[in-house]
Each structure stands twice: as structure tokens, then as C-alpha cells.
Amino acid sequence: LSSVGLAPQPLWRNEIAIACSWIESKRASRCFVGVKDEFWGLAETIFNGVRQMHDCGITHMDLNLGNVLIDPKTNSLAFIDFDFTAASWVTPEQQRICDYLILLNEFCRNRRGGKIMLADTQRMASLLCKYALNEDRSARLGDIFSQFARLSQQEGLKESLKDVFSNLEMK
């Protein structure tokens with residue numbers, strides 16, 4: 001992803017580690033603390049980056065806000081810490097949906113804009129519709145949704161997500 005500006009430049013690697021260039025930025029987890037009006041712009045910046053990453057054929061599988069770097073001056077972002085991979089039976093569509101669900105689970109935290117997002121779940125659904133690939137929106141996830149504790153407790157958000165991901169099973 002460094003070739004498209006979405007990750008630090010690799011400098012050194014071996015079988016178990018990689019060292020990358022320094023990027024002057026903040027973790028998105030810090031950028032979202034105490035946000036108000038900036039929440040939707042930051043969320044859209046991240047979703048746009050996720051879509052670009054997915055367009056490159058890459059999924060993250062641990063896309064929490066601590067693994068997203070944002071340059072506060074330019075609003076550019078980079079993804080870090082690609083240390084998980086999906087099981088062989090998980091489809092690319094399912095992997096991409098998981099990237100979004102992990103982010104949404106993070107956004108449900110009150111200190112990360114949860115109240116703002118949950119007050120307008122249709123706006124979040126619109127962002128997901130804008131950035132999630134159409135083929136992903138109909139992929140089956142089984143009961144994976146229940147693994148996202150904060151997400152699965154939000155009734156209004158659950159309904160909005162069902163409009164985005166038609167085969168998302170919610171118990």
C-alpha cells in the first residue's frame with residue numbers, strides 16, 4: 001500500500017518482521033476522542049481509504065482506529081499493523097465487510113464519536129453504501145455479527161446495517 005500512499009514505506013524485512021519509514025501523524029483512535037462536527041469527515045476519510053485499500057486487493061482484518069494513522073495537517077491517512085490474516089475459508093467479500101464492521105465497532109465507543117454516529121445511523125449507512133463494494137454488500141457472514149459486542153447491542157444501527165448488508169445475520 002505504500003506505492004499508493006496508504007502505508008509507510010518498507011525499509012527492511014525478514015520472515016517475521018518489517019521496519020517502515022516514519023510518518024508524521026496521529027493514530028485515528030486519538031483523532032476521534034472528543035470529536036463533534038469532525039466525526040463525519042473523519043469517518044468518510046477513513047472509509048475512502050479503506051475502499052482504496054480494498055481496490056488494491058488488500059484487507060486488514062484488524063482495522064481498529066489504532067491501526068489507522070491520520071496526518072492532521074493534510075487529512076491523509078495510512079494503515080499499519082497488518083499482522084492478521086483470514087482463515088482460508090473466509091471469502092474476500094467477508095474479509096472486506098469485517099474491515100468495515102471492526103471500524104464500526106470502534107465508532108460505537110462513546111469516546112470515539114459513538115453518540116454522534118448512533119444519533120444518525122442512516123448517515124453511517126449512506127457512507128457504507130458509498131464505499132463498500134456492491135458484491136460485498138450481499139456476502140454472507142453467518143453469525144459473525146454477534147462477535148462485535150458494541151455493534152450487536154445497538155438496535156438502530158443494526159437496522160441500518162441490515163439495509164446496507166442484505167445477508168447480515170443478526171440474532
Side-chain angles (χ1 to χ4, degrees), residues 1 4 6 25-72 74-79 86 90-171:
L1 289 175
V4 295
L6 289 174
S25 59
K26 293 171 54 176
R27 289 188 187 261
S29 55
R30 292 186 175 262
C31 294
F32 275 87
V33 173
V35 295
K36 296 202 180 344
D37 297 336
E38 316 88 60
F39 174 85
W40 294 108
L42 284 169
E44 184 154 14
T45 296
I46 291 174
F47 284 170
N48 182 38
V50 171
R51 174 61 184 264
Q52 291 175 48
M53 176 177 66
H54 290 170
D55 286 347
C56 291
I58 297 171
T59 54
H60 195 286
M61 298 307 297
D62 186 27
L63 197 51
N64 63 68
L65 292 173
N67 289 335
V68 180
L69 302 177
I70 297 178
D71 181 338
T74 64
N75 239 16
S76 60
L77 59 86
F79 299 106
V90 179
T91 69
E93 294 84 6
Q94 292 168 332
Q95 292 175 44
R96 291 187 295 262
I97 291 175
C98 281
D99 278 351
Y100 287 112
L101 293 179
I102 292 167
L103 283 171
L104 289 174
N105 201 53
E106 289 274 296
F107 290 152
C108 283
R109 295 177 186 223
N110 284 338
R111 70 179 184 268
R112 302 232 172 104
K115 290 180 182 177
I116 295 165
M117 180 188 69
L118 295 172
D120 195 351
T121 59
Q122 284 302 311
R123 188 167 180 183
M124 182 54 72
S126 294
L127 276 180
L128 287 166
C129 286
K130 180 177 179 180
Y131 291 104
L133 296 168
N134 286 334
E135 61 265 26
D136 297 349
R137 295 180 53 211
S138 60
R140 296 198 177 276
L141 282 177
D143 73 347
I144 189 92
F145 188 78
S146 64
Q147 304 301 310
F148 298 97
R150 286 182 292 275
L151 269 183
S152 61
Q153 296 170 4
Q154 305 300 327
E155 292 303 322
L157 182 59
K158 284 168 60 172
E159 293 309 311
S160 294
L161 290 176
K162 189 71 173 154
D163 291 341
V164 176
F165 302 112
S166 59
N167 288 315
L168 193 61
E169 296 176 24
M170 299 178 193
K171 296 179 181 181

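The structure places CZ of Arg111 at 11.0 Å from CZ of Arg30, a figure rounded to the nearest 0.5 Å. Atom CG of residue Asn67 and atom NE2 of residue His60 lie 4.5 Å apart, to the nearest 0.5 angstrom. The CZ atom of Arg109 sits 15.5 Å away from atom NZ of Lys115, with the distance rounded to the nearest 0.5 Å. Summarising the geometry, atom CG belonging to Leu42 is positioned 6.0 Å from atom SG belonging to Cys31; distances are rounded to the nearest 0.5 Å. Distance check: Ile58 CD1 to Phe79 CZ gives 10.5 Å after rounding to the nearest 0.5 Å. Once rounded to the nearest 0.5 Å, the distance linking CG of Leu118 with CD of Gln154 reads 4.5 Å.
Contact detail for Leu157 and Cys108: the closest heavy-atom pair is CD2-SG, 3.8 Å. The minimum heavy-atom distance between Pro72 and Ser25, with the atom names listed, is CD-CA, 4.3 Å. The nearest pair of heavy atoms linking Ala132 to Phe165 is CB-CE2, 4.4 Å. Here the shortest heavy-atom pairing between Asn75 and Thr45 reads O-CG2, 3.3 Å. Contact detail for Leu161 and Leu104: the closest heavy-atom pair is CD2-CD1, 3.5 Å.
Between the side chain of Gln94 and the backbone N or O of Thr91 there is at least one donor-acceptor pair closer than 3.5 Å. A donor-acceptor pair is defined here as one N or O able to donate and one able to accept, closer than 3.5 Å; such a pair exists between the side chain of Gln95 and the backbone of Val90. Side chain of Glu93 to main chain of Ala139: no donor-acceptor pair is present (N/O by atom type, distance under 3.5 Å, no hydrogens or angles). For the pair Asn167 (side chain) and Ser138 (backbone), a donor-acceptor distance under 3.5 Å is present.
In this structure the side chain of Arg51 reaches within 4.5 angstrom of the side chain of Leu133, judged on heavy atoms. Looking at Asn64 and Ser29, their side chains never come closer than 4.5 Å, going by heavy atoms from C-beta outward. The shortest side-chain heavy-atom distance between Ile46 and Leu63 does not fall under the 4.5 Å cut-off. Considering only heavy atoms from C-beta on, Asp99 comes within 4.5 Å of Met53 through its side chain. Contact of the Arg27 side chain with the Leu65 side chain is not registered, since no non-hydrogen atoms from C-beta on lie closer than 4.5 Å.
Note on ring orientation: taking the six-membered ring where Trp is involved, the planes of Phe32 and Phe107 are tilted (angle from 30° to 60°).
Environment of CG in Asn110: crowded, with over 12 heavy atoms of neighbouring residues, nucleotides or ligands closer than 6.0 Å.
A salt bridge is absent between Glu159 and Lys162; no separation between the charged side-chain nitrogens and carboxylate oxygens falls under 4.0 Å.
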Show every donor-acceptor pair shorter than 3.5 Å between a side-chain atom in residues 123-131 and any protein atom, with sequence neighbours excluded, or say none if there are none.
{"residue": "Ser126", "atom": "OG", "partner": "Gln122", "partner atom": "O", "Å": "3.1"}
{"residue": "Lys130", "atom": "NZ", "partner": "Glu44", "partner atom": "OE2", "Å": "2.5"}
{"residue": "Tyr131", "atom": "OH", "partner": "Glu44", "partner atom": "OE2", "Å": "2.8"}

